[in-house]
Amino acid sequence: METFLKQVAHDLYNKTEGNFTKVAIVFPNKRASLFFNEYLAQESDRPIWSPTYVSISELFRQSSDLSIADPIKLVCDLYKVFQKATGNKETLDDFYFWGEMLIADFDDADKNMADTHALFSNLKDLNELMDNYDFLEEGQKEALSQFFHNFSINQVTELKQRFISMWNVLGDIYTEYKALLESQSIAYEGMLYRQVIEQLDVEALPYNKYIFVGFNVLNKVEHTLFKKLNEAGKAMFYWDYDVFYTRLPLEQKPPYTHEAGEFILRNLKLFPNQLPETSFDVLRKPKNVRFISASTENAQARYLPQWIRGNEELRTPSSFKDTAVVLCNESLLLPVLHSIPADVKNVNITMGFPLAQTPVYSFINALVELQTTGYHTGTGRYIYETVITLLKHPYTRQLSPNAETLEKQLTRDNRFYPLPSELKQDAFLEQVFTPQNGIAALCSYLTELLREVAVLYRQEKDVEDIFNQLYRESLFKSYTLVNRLLSLIETGELSGVRTDTLKRLLNRLLTSANIPFHGEPAIGMQVMGVLETRNLDFRNLIMLSLNEGQLPKAGGDSSFIPYNLRKAFGMTTIEHKNAVYAYYFYRLIQRAENVTLLYNI
């Protein structure tokens with residue numbers, strides 16, 4: 001099996017004669033560069049300068065004087081602009097969820113360089129002026145006409161009136177929000193990307209050649225970047241595909257296209273591939289493909305040892321390098337890790353581990369519950385259930401010699417509402433059971449106790465245990481998140497936030513956080529999510545949770561912008577997601593020789 005990256009390395013080395021001093025190779029993500037560098041080294045029998053490797057995101061960030069702000073800061077700033085533009089007294093707690101949704105809409109509009117003035121204009125004016133938008137393609141004009149046909153501005157219901165009144169201030173919110181962020185030299189990603197493209201001076205870029213490898217769907221800013229560099233003679237393109245989903249079947253006529261080839265076909269027309277089409281006729285080659293049904297997803301994970309031991313291709317440790325376990329449902333990571341046999345010495349995980357599945361998450365939750373719903377300020381007493389939950393936690397048991405005895409005593413004496421004084425039986429318990437007043441005090445309280453927990457891992461000797469390393473990393477990640485909230489409170493960004501609001505915000509941050517794994521990607525069996533497979537090829541492949549609703553994920557992303565308007569202004573729609581994931585699937589299996597697909601029945 002000759003992988004795509006190996007083909008690219010061979011072709012590029014010959015075309016540059018091994019001179020990469022002024023060459024930047026751009027990948028959709030960082031992962032592929034590690035594999036590519038190994039293939040490139042094999043092309044030369046002498047030392048050579050490595051090219052610069054960047055992801056597309058890094059390329060944009062390096063070209064801007066703005067920096068990407070953290071998500072909490074972005075929502076807090078949007079909340080200020082929203083209140084000013086609407087006069088709404090909605091709390092930050094109520095605003096936070098759809099504040100994130102609104103930023104996602106702004107981000108998508110900017111990445112696709114939508115005419116935001118037209119998009120967020122008064123809907124009545126937009127309807128009247130629609131015929132004058134010559135920049136829209138026929139399909140986009142049709143989508144816009146369909147929106148107004150269904151929406152019917154003249155027949156206004158209460159719900160529709162609320163939508164229109166909100167819609168008519170979105171333009172002001174968008175403009176003022178971007179101005180506020182720019183004044184602080186920060187941005188959300190789409191804002192930064194758009195600024196880079198609108199101010200781009202191709203001649204001022206630091207490299208003579210930009211090699212774009214393995215891209216598929218391009219948003220408008222990426223497309224514009226590719227076009228400008230191509231016109232300046234500074235770009236080369238390597239697209240990965242198969243003629244199975246890019247050639248029209250003989251019995252079909254345009255505009256038929258295979259779902260997986262929708263975006264690649266456009267890219268090939270605009271930016272010709274450096275590799276010949278003959279390199280991409282591999283999907284039709286014989287493969288060993290098996291479909292296996294399972295009653296549950298955990299049963300799929302438990303099948304892994306049988307698959308590994310029964311696969312003749314996996315007889316030597318070196319063969320695991322060409323083997324990948326792909327999780328369409330990433331929540332299966334923990335059962336998969338526990339199912340991998342001990343004789344598989346090297347496992348490289350290229351996806352994040354959910355922070356919500358670590359002990360530190362349950363510890364923080366127990367502490368927050370203790371100091372909020374678990375404490376009555378009027379009586380000065382704690383509630384039994386929250387106290388017991390904390391006393392039973394493994395961290396408390398390890399840090400307090402009296403935790404287990406105290407738990408049994410409270411249960412025996414039926415102390416349903418214990419006083420703090422009777423709980424403070426050693427130094428650690430005194431810290432834990434000291435009531436906190438206010439959001440700043442609560443965050444400080446959490447950071448101090450997380451420092452105490454860190455002592456456990458400084459004493460830990462078994463550094464080779466992957467789970468101990470994972471829990472250390474989760475502790476650091478949690479401390480960073482809580483400390484960031486404390487900083488925002490101290491600078492006034494979260495001033496006026498209620499304790500229950502902070503509690504929900506903290507829980508949202510913790511449940512959405514992932515712990516990155518660090519390892520040597522060129523060694524051992526790969527465990528990864530679908531997105532991490534981009535540009536990579538494996539001889540032996542097993543995919544878990546290959547069910548409807550998992551590839552791609554069910555449901556569309558929430559948005560303030562209706563589907564027809566998104567389509568009319570060239571923004572991302574559900575069809576984009578379906579086509580993208582179809583491409584990921586076919587591209588992943590096209591060079592594989594042994595493919596096992598598991599699904600639930």
Side-chain angles (χ1 to χ4, degrees), residues 20 22-34 36-37 50-78 100 103-114 116 174 177-230 232 234-237 271 350-352 477 480-481 484 487-488 512-514 516 518 531-532 534-535 571-572:
F20 296 105
K22 279 288 187 178
V23 173
I25 301 182
V26 187
F27 293 101
N29 56 18
K30 292 181 179 180
R31 199 80 199 157
S33 63
L34 302 166
F36 182 84
N37 206 45
S50 171
T52 299
Y53 297 115
V54 293
S55 66
I56 189 70
S57 175
E58 289 172 335
L59 181 60
F60 277 102
R61 294 185 191 209
Q62 291 170 4
S63 305
S64 175
D65 55 356
L66 300 177
S67 59
I68 303 296
D70 72 72
I72 310 171
K73 168 70 173 169
L74 288 173
V75 175
C76 289
D77 281 348
L78 180 60
E100 289 180 316
I103 291 172
D105 284 339
F106 291 164
D107 182 78
D108 194 18
D110 281 338
K111 283 182 177 176
N112 288 290
M113 301 184 75
T116 50
Y174 171 82
Y177 181 51
K178 291 183 71 172
L180 176 61
L181 295 181
E182 193 168 359
S183 69
Q184 303 172 74
S185 297
I186 59 176
Y188 54 86
E189 196 172 65
M191 172 183 167
L192 183 147
Y193 282 21
R194 189 167 193 162
Q195 183 223 48
V196 168
I197 285 299
E198 291 175 347
Q199 301 176 5
L200 183 65
D201 180 3
V202 173
E203 298 305 318
L205 292 173
Y207 298 98
N208 295 335
K209 279 288 183 184
Y210 288 84
I211 318 298
F212 296 95
V213 179
F215 285 81
N216 175 33
V217 60
L218 303 177
N219 55 44
K220 191 66 180 290
V221 289
E222 292 168 343
H223 177 273
T224 306
L225 174 68
F226 285 22
K227 183 180 178 182
K228 288 185 176 183
L229 288 171
N230 194 41
K234 287 192 167 190
M236 293 170 65
F237 304 95
F271 312 110
T350 60
M351 56 192 292
K477 180 77 172 181
T480 303
L481 288 172
R484 177 57 182 153
S487 299
L488 290 171
S512 62
N514 286 314
H518 304 284
L531 290 178
E532 285 76 27
R534 288 177 290 181
N535 287 347
M571 296 172 66
T572 305

A.B. asks: Work out which heavy atom in Phe212 is nearest to a heavy atom in Ala235; give both atom names and the distance.
C.D. replies: CE1-CB, 4.1 Å

A.B. asks: Quick one, Arg31 with Glu532, criterion side chain to side chain contact (heavy atoms under 4.5 Å, CB included). Give me CA distance, side-chain angles, the key distance, then yes/no.
C.D. replies: CA-CA 7 Å; Arg31 199 80 199 157; Glu532 285 76 27; 5.5 Å; no

A.B. asks: With sequence neighbours left out, write down each residue that passes side chain to side chain donor-acceptor pair (under 3.5 Å) with Ser67, or none if nothing qualifies.
C.D. replies: none

A.B. asks: About how many Å separate CG of Asp77 and CG of Leu181, when rounded to the nearest 0.5 Å?
C.D. replies: 5.5 Å

A.B. asks: Would you give the length of the straight line joining atom CG of Leu225 to atom CG of Leu200, rounded to the nearest 0.5 angstrom?
C.D. replies: 6.5 Å

A.B. asks: Search all heavy atoms of Leu481 against all heavy atoms of Ala513 and return the closest pair with its distance.
C.D. replies: CD1-CB, 4.0 Å

A.B. asks: Looking only at heavy atoms, what is the nearest atom pair of Pro28 and Ser55, with distance?
C.D. replies: O-CB, 4.4 Å

A.B. asks: Identify, with sequence neighbours excluded, every residue that meets ring pair (Phe, Tyr, Trp, His ring centres under 6.0 Å) alongside Tyr174.
C.D. replies: Phe106, Phe120

A.B. asks: Would you give the length of the straight line joining atom CZ of Phe60 to atom CD1 of Ile68, rounded to the nearest 0.5 angstrom?
C.D. replies: 11.0 Å

A.B. asks: Listed by chain and number, what are the salt bridge (Lys or Arg N to Asp or Glu O under 4.0 Å) partners of Lys30, not counting sequence neighbours?
C.D. replies: Glu58

A.B. asks: I'd like to check the side chain to side chain donor-acceptor pair (under 3.5 Å) partners of Asn535; sequence neighbours left out, ordered by chain and number.
C.D. replies: none

A.B. asks: Could I get the full list of side chain to side chain donor-acceptor pair (under 3.5 Å) partners for Tyr188, not counting sequence neighbours?
C.D. replies: Asp110

A.B. asks: Show me the pairs that pass salt bridge (Lys or Arg N to Asp or Glu O under 4.0 Å) and involve residues 217-226, at least two apart or across chains.
C.D. replies: none

A.B. asks: Please report whether the ring centroid of Phe271 lies less than 6.0 Å from that of His223.
C.D. replies: yes

A.B. asks: Which residue pairs pass the salt bridge (Lys or Arg N to Asp or Glu O under 4.0 Å) test when at least one of the two sits in residues 181-193, sequence neighbours left out?
C.D. replies: Arg61-Glu189, Lys111-Glu189

A.B. asks: Tell me the closest heavy-atom pair linking Leu531 and Asn29, and the distance in Å.
C.D. replies: O-ND2, 3.8 Å

A.B. asks: Could you pull out all residues at least two apart from Ala104 that satisfy side chain to side chain contact (heavy atoms under 4.5 Å, CB included)?
C.D. replies: none

A.B. asks: Only pairs at least two apart or in different chains count here, so list each side-chain hydrogen bond (donor to acceptor under 3.5 Å, both in side chains) that has a residue in residues 198-217.
C.D. replies: Thr52-Tyr207, Arg194-Glu198

A.B. asks: Which residues satisfy the side chain to side chain donor-acceptor pair (under 3.5 Å) test with Asp70, sequence neighbours excluded?
C.D. replies: Arg484

A.B. asks: Enter the distance from Ile103:CD1 to Leu78:CG here, rounded to the nearest 0.5 Å.
C.D. replies: 5.0 Å

A.B. asks: Looking only at atom types and distance, does a side-chain atom of Asn230 sit under 3.5 Å from a main-chain N or O of Phe226, one as donor and one as acceptor?
C.D. replies: no

A.B. asks: For Ile197 versus Val221, what's the shortest heavy-atom pair and its separation?
C.D. replies: CD1-O, 3.4 Å

A.B. asks: Under the rule for side chain to side chain contact (heavy atoms under 4.5 Å, CB included), what residues qualify as partners of Asn514, not counting sequence neighbours?
C.D. replies: Pro354

A.B. asks: Would Leu229 and Leu205 count as a side chain to side chain contact (heavy atoms under 4.5 Å, CB included) if you check the C-alpha gap in whole Å, the side-chain angles of each, and the deciding distance to 0.1 Å?
C.D. replies: CA-CA 10 Å; Leu229 288 171; Leu205 292 173; 3.5 Å; yes

A.B. asks: Looking at every heavy atom in both Ile186 and Leu66, which two are closest together, and how far apart are they?
C.D. replies: N-CD2, 4.1 Å

A.B. asks: Tell me, with the steps shown, if Asn37 and Tyr53 meet side chain to side chain contact (heavy atoms under 4.5 Å, CB included).
C.D. replies: CA-CA 9 Å; Asn37 206 45; Tyr53 297 115; 2.8 Å; yes

